[in-house]
Amino acid sequence: MPKNIYLNTTEELIKHLNEDLPNESLIILDSALEQLQLHRNFNASHVYLEVSEETKNLETIEKIWEIMFLSNLNRSDEVVIIGGGVMLDLCSFAASTYKRGIAFTLVPSTLLAMVDASHGGKNGFNNVYGKNQIGTFNLPKSVVVCFELLNTLKDNDYKDGLIELVKHGLIGSKEIFNKLVSTENFKIDTEIIKKGIQIKEDIVKEDYLETGKRKYLNFGHTIGHLIEQDSKFTLSHGEAVAIGIIYELGLSKKHFGLPQEVVDLYISYLEKLEYKKSYEFENSIDYLLEILKDDKKSKSDSVDIVLLSDISQPNLISISFDELIEVIQN
Ligand code: GLY
């Protein structure tokens with residue numbers, strides 16, 4: 001597993017990158033971070049890139065490869081990628097395939113990327129067949145978590161990260177779940193972030209290629225992804241998964257007797273975050289079935305889904321498309 005480095009300030013981040021990088025490295029930054037002017041103090045060269053879920057595609061990958069060629073990167077050089085999940089997924093795919101792969105370091109700038117995208121080696125992009133349909137597993141050299149970058153986030157982007165963190169709690173830690181649902185001010189301390197990262201890393205260590213246990217990380221995401229795509233991404237990933245979790249907690253109760261108390265605590269947490277608790281699907285059942293079939297966890301008429309018997313007790317079962325469609329229609 002890559003090294004995780006935890007830093008408090010951007011000053012420490014710049015110092016670390018300047019000391020750690022070979023001279024010919026390239027630092028690629030999310031254009032959302034331009035206001036911080038971090039590049040002023042970098043020794044290595046840098047470039048800003050604008051990315052979004054809509055442009056998480058092959059065209060953007062080609063743009064990133066082009067930047068790498070124009071920077072004359074060779075296989076002994078390194079790339080540092082600073083940004084949110086979309087940025088990390090795209091650039092780490094480009095780095096993993098450029099000249100058959102060059103080393104890269106990830107610096108997540110959002111809470112969501114800190115607790116999810118930067119760990120576990122997944123990268124990739126979307127195509128007409130769905131989200132993240134093309135990609136590789138390839139670990140970074142290190143992940144540098146700089147907590148001061150969280151100050152750049154709008155409340156909603158921060159809350160999107162909390163949804164992923166509460167999911168980590170639901171699948172793997174009563175402590176994280178209880179801490180989050182009982183926090184008055186939704187801002188959390190850095191220890192919880194570190195513990196959330198640990199949950200993911202422990203799972204990935206056991207099942208890097210997602211043949212079993214790693215699927216637990218998809219709790220709430222089977223229906224969350226359906227919502228996200230049905231809404232044409234007008235709902236953020238966090239907003240969609242937040243509602244996906246409600247549906248999947250309901251299925252957990254039905255199939256595995258998950259206590260209602262857990263559902264109630266989760267729903268009151270969403271209320272605290274002022275997040276939506278329901279969603280009206282707009283597209284036809286046929287359209288939703290097409291999305292379900294493209295889910296990497298789908299078979300011909302069923303999908304593998306993670307359901308809980310309790311907090312920290314996930315189970316992987318297969319449920320039919322019919323049952324899933326019925327659930328989201330009610
Ligand atoms: N985001 C889920 C995973 O990394 O497996």
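In listed order, ligands and their atoms are each counted from 1. Reckoned from all heavy atoms, side chains included, excluding hydrogens, waters and symmetry mates.
Ring-plane geometry between F125 and F93 is classed as perpendicular, the angle between the planes exceeding 60 degrees on a 0 to 90 degree scale with a lower cut at 30.
Within the cation-pi definition used here (under 6.0 Å to the ring centroid, within 45° of the axis), K272 does not qualify as a partner of F186. Geometrically, K159 does not engage Y275 in a cation-pi contact defined by less than 6.0 Å to the ring centre and at most 45° from the axis.
Each of the atoms 3 (C), 5 (O) of ligand 1 lies under 4.0 Å from some heavy atom of L217. Applying the 4.0 Å criterion to heavy atoms of K122 picks out, from ligand 1, the atoms 2 (C), 3 (C), 4 (O), 5 (O).
Residue contacts with ligand 1 for D116 involve side-chain atoms from C-beta outward but no N, CA, C or O (heavy atoms, distance under 4.0 Å).
Ion pairing between K141 and E78 holds under the 4.0 Å rule for side-chain N and carboxylate O.
Side-chain polar atoms of H16 and E11 form no donor-acceptor pair below 3.5 angstrom.
Checking only distances, H119 never comes within under 3.5 Å of ligand 1, N or O to N or O. Residue K200 has at least one N or O atom closer than 3.5 Å to an N or O atom of ligand 1.
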